[in-house]
A.B. asks: 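Dropping the structure in here first, questions after.
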Amino acid sequence: MRVSAKTIQILLTIIATILAIAALKATSAITIPLAFAFFIAVLVHPLQRWLNRHVPHWLSLVIVMLVLAGVVGLAIGALLLSAEIVEPKAPQYLDRLQQMFQNAMAWAKQRGLPVEQLSSQGSQGQLTNEAIGGLKFLWDGLSLFILIISLLVLLLLEVGQYREKIERSLASKTSAKVINAVVRMSDKLRSYLLIQSFTCVLTGILTGLWCWVLGVDFALVWGLIAFVLNYIPTLGSIVAVIPPTLLALIFQGIGRGVATLVGLAVIQVILGNFVDPRLQGRTLKLSPFVALLSIVFWGWVWGIPGALLGIPMTMSLIVFSQEFKSTRAIALLFGDTDDPELKKKLK
């Protein structure tokens with residue numbers, strides 16, 4: 001039986017895709033920080049390019065890194081503020097949770113349900129393992145952060161030379177397509193992040209205000225959490241509603257819990273389905289299914305960092321796929337069919 005050339009090409013594409021995914025998983029120690037460094041460099045490059053016109057290149061790099069350090073400092077400050085808010089009431093809530101747990105265990109025993117008893121030695125061992133796991137997580141996070149910063153500095157030092165390198169290393173037609181894809185992807189990513197940041201801030205403010213109006217404890221903390229989680233489309237907005245709802249439901253009654261859930265759900269629905277799409281326009285048109293698939297897929301490939309990078313990675317692949325005839329079907333499958341750029345290329 002003779003196999004057609006098209007069938008062979010499809011099979012080779014599938015094999016190449018599987019090998020590429022396996023390579024990304026196997027090399028995650030370097031590809032994850034490289035992806036973070038690349039996207040951060042894309043975001044801050046306009047600032048660096050503007051500074052290069054007014055100050056020496058080394059000074060513009062220092063200023064850019066100081067701006068990024070300020071952003072990181074604000075994030076750390078928000079975490080510390082949240083910890084200070086939670087700390088005074090933490091023992092009270094822990095005691096209440098322990099009492100509720102003991103009541104639940106007693107209720108289960110009275111009805112003959114199988115309940116596992118944790119020995120003090122087992123509990124101590126579990127706490128030790130959790131402490132070791134926490135320290136390992138912090139060490140891995142610090143190592144990742146240092147590697148990202150190192151790669152970012154190197155990228156920003158040479159970012160102005162990459163256009164010339166691409167033009168010299170590739171054929172003129174191919175290099176023009178690659179450069180055009182990078183420029184379009186950079187513009188889309190910056191616009192997306194700017195608009196997403198605005199809607200995240202608005203979501204955080206409204207979440208905090210609603211929790212404060214209802215008297216739910218830690219209203220500022222829930223607002224900060226909603227702000228951060230809404231950078232993850234679809235999934236983040238769902239997760240952001242759960243903690244304050246559970247807190248109000250367990251400690252302040254069913255009525256307060258239901259009111260919290262309804263109010264926060266309305267905020268997420270209005271901003272996610274009406275405000276955000278109108279602001280985004282054609283900046284990044286991904287269906288909720290493709291957005292969620294991106295988060296799940298890249299989360300499977302790279303873990304939590306992959307979930308954070310899922311949308312930018314998918315968007316970048318779609319933009320690059322639009323530039324080349326052989327991959328245009330991928331852009332049509334996952335992208336926006338009404339995208340004027342894609343319509344023009346499909347003609």
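Bear in mind the structure is a predicted one, so any value in this text is a computation, not a measurement.
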A.B. asks: From Ser316 OG over to Leu309 CG, what is the distance, rounded to the nearest 0.5 angstrom?
C.D. replies: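 Reported value, rounded in 0.5 Å steps: 9.5 Å.
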A.B. asks: Do Ile40 and Tyr231 share a hydrophobic cluster (ILVMFWY, side-chain heavy atoms under 4.5 Å, transitive)?
C.D. replies: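 Linked, Ile40 and Tyr231 end up in one cluster.
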A.B. asks: Check the hydrophobic clustering (I, L, V, M, F, W, Y; side-chain heavy atoms under 4.5 Å; chains of links allowed) and say if Leu157 and Val42 are grouped together.
C.D. replies: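 Looking at the clustering, Val42 is in the same group as Leu157.
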A.B. asks: Run Leu249 and Gln252 through side chain to side chain contact (heavy atoms under 4.5 Å, CB included) and show every step you take.
C.D. replies: CA-CA 6 Å; Leu249 187 65; Gln252 295 174 292; over 6 Å; no
A.B. asks: Do Ser237 and Asn230 meet the criterion of a side-chain donor-acceptor pair at a distance under 3.5 Å?
C.D. replies: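 There is no such pair (donor and acceptor under 3.5 Å, judged by atom type) between the side chains of Ser237 and Asn230.
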A.B. asks: Would you please classify the geometry between the Trp302 ring and the Trp298 ring as parallel, tilted or perpendicular, with 30° and 60° separating the classes?
C.D. replies: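 Plane angle between 30° and 60°, so tilted.
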A.B. asks: Tell me, with the steps shown, if His57 and Leu51 meet side chain to side chain contact (heavy atoms under 4.5 Å, CB included).
C.D. replies: CA-CA 8 Å; His57 288 242; Leu51 289 170; over 6 Å; no
A.B. asks: With the side chain counted from C-beta on, respond yes when Leu34 and Ile148 share a heavy-atom pair under 4.5 Å apart, and no when they do not.
C.D. replies: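 A side-chain contact is absent here, since even the closest heavy-atom pair is not under 4.5 Å.
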A.B. asks: Pick from Ile146, Leu152, Val153: which one makes a side chain to side chain contact (heavy atoms under 4.5 Å, CB included) with Ser150?
C.D. replies: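 When side chain to side chain contact (heavy atoms under 4.5 Å, CB included) is applied between Ser150 and each of Ile146, Leu152, Val153, only Ile146 qualifies.
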A.B. asks: Before giving the answer on side chain to side chain contact (heavy atoms under 4.5 Å, CB included), spell out for Leu220 and Leu81 the whole-Å C-alpha distance, their side-chain angles and the decisive distance to 0.1 Å.
C.D. replies: CA-CA 9 Å; Leu220 180 59; Leu81 178 61; 3.7 Å; yes
A.B. asks: With side chain to side chain contact (heavy atoms under 4.5 Å, CB included) as the criterion, how do Cys211 and Phe218 come out once you've worked through the C-alpha distance, each side chain's angles and the decisive distance to 0.1 Å?
C.D. replies: CA-CA 8 Å; Cys211 290; Phe218 316 132; over 6 Å; no
A.B. asks: Under 4.5 Å between side-chain heavy atoms, counting indirect links through other Ile/Leu/Val/Met/Phe/Trp/Tyr residues: same cluster for Leu66 and Leu156 or not?
C.D. replies: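 Yes, it is one cluster - the side chains of Leu66 and Leu156 are joined through contacts under 4.5 Å.
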A.B. asks: With a 4.5 Å cut-off on side-chain heavy atoms, are Trp210 and Ile267 touching?
C.D. replies: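 In short, these two side chains touch, coming nearer than 4.5 Å.
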A.B. asks: Has Ile304 got more than 12 heavy atoms of other residues, nucleotides or ligands less than 6.0 Å from its CD1?
C.D. replies: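 No - once you tally the heavy atoms of other residues, nucleotides and ligands closer than 6.0 Å, there are 12 at most.
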A.B. asks: Roughly how far, to the nearest 0.5 Å, is CZ of Arg184 from CD1 of Ile318?
C.D. replies: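 CZ of Arg184 is found 10.5 Å from CD1 of Ile318.
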A.B. asks: Between atom CH2 of Trp222 and atom CG of Asp217, what is the distance when rounded to the nearest 0.5 Å?
C.D. replies: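 Here the interatomic distance stands at 9.5 Å.
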A.B. asks: Hey, could you give me the CD/CG distance between Gln48 and Leu61, rounded to the nearest 0.5 Å?
C.D. replies: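 Answer rounded to 0.5 Å: 6.0 Å.
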A.B. asks: Between Phe145 and Leu80, is there a shared hydrophobic cluster once you connect ILVMFWY residues whose side-chain heavy atoms come closer than 4.5 Å?
C.D. replies: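 Per the 4.5 Å side-chain linkage, Phe145 and Leu80 are co-clustered.
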A.B. asks: Are Val67 and Leu189 connected into the same hydrophobic cluster when the rule is that any two of I, L, V, M, F, W, Y join if their side-chain heavy atoms are below 4.5 Å apart?
C.D. replies: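 Same cluster: Leu189 reaches Val67 through Ile, Leu, Val, Met, Phe, Trp or Tyr contacts under 4.5 Å.
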A.B. asks: Could you tell me the separation between the CD1 atom of Ile242 and the CG atom of Leu246, rounded to the nearest 0.5 Å?
C.D. replies: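 Answer for the CD1-CG pair, Ile242 versus Leu246, is 7.0 Å.
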A.B. asks: Hey, could you give me the CG/CG distance between Leu43 and Leu68, rounded to the nearest 0.5 Å?
C.D. replies: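 Result: 9.0 Å between the selected atoms.
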A.B. asks: Give me the atom names and distance for the closest heavy-atom approach of Leu224 to Ser82.
C.D. replies: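 Reported closest heavy-atom pair: CD1-OG, 3.2 Å.
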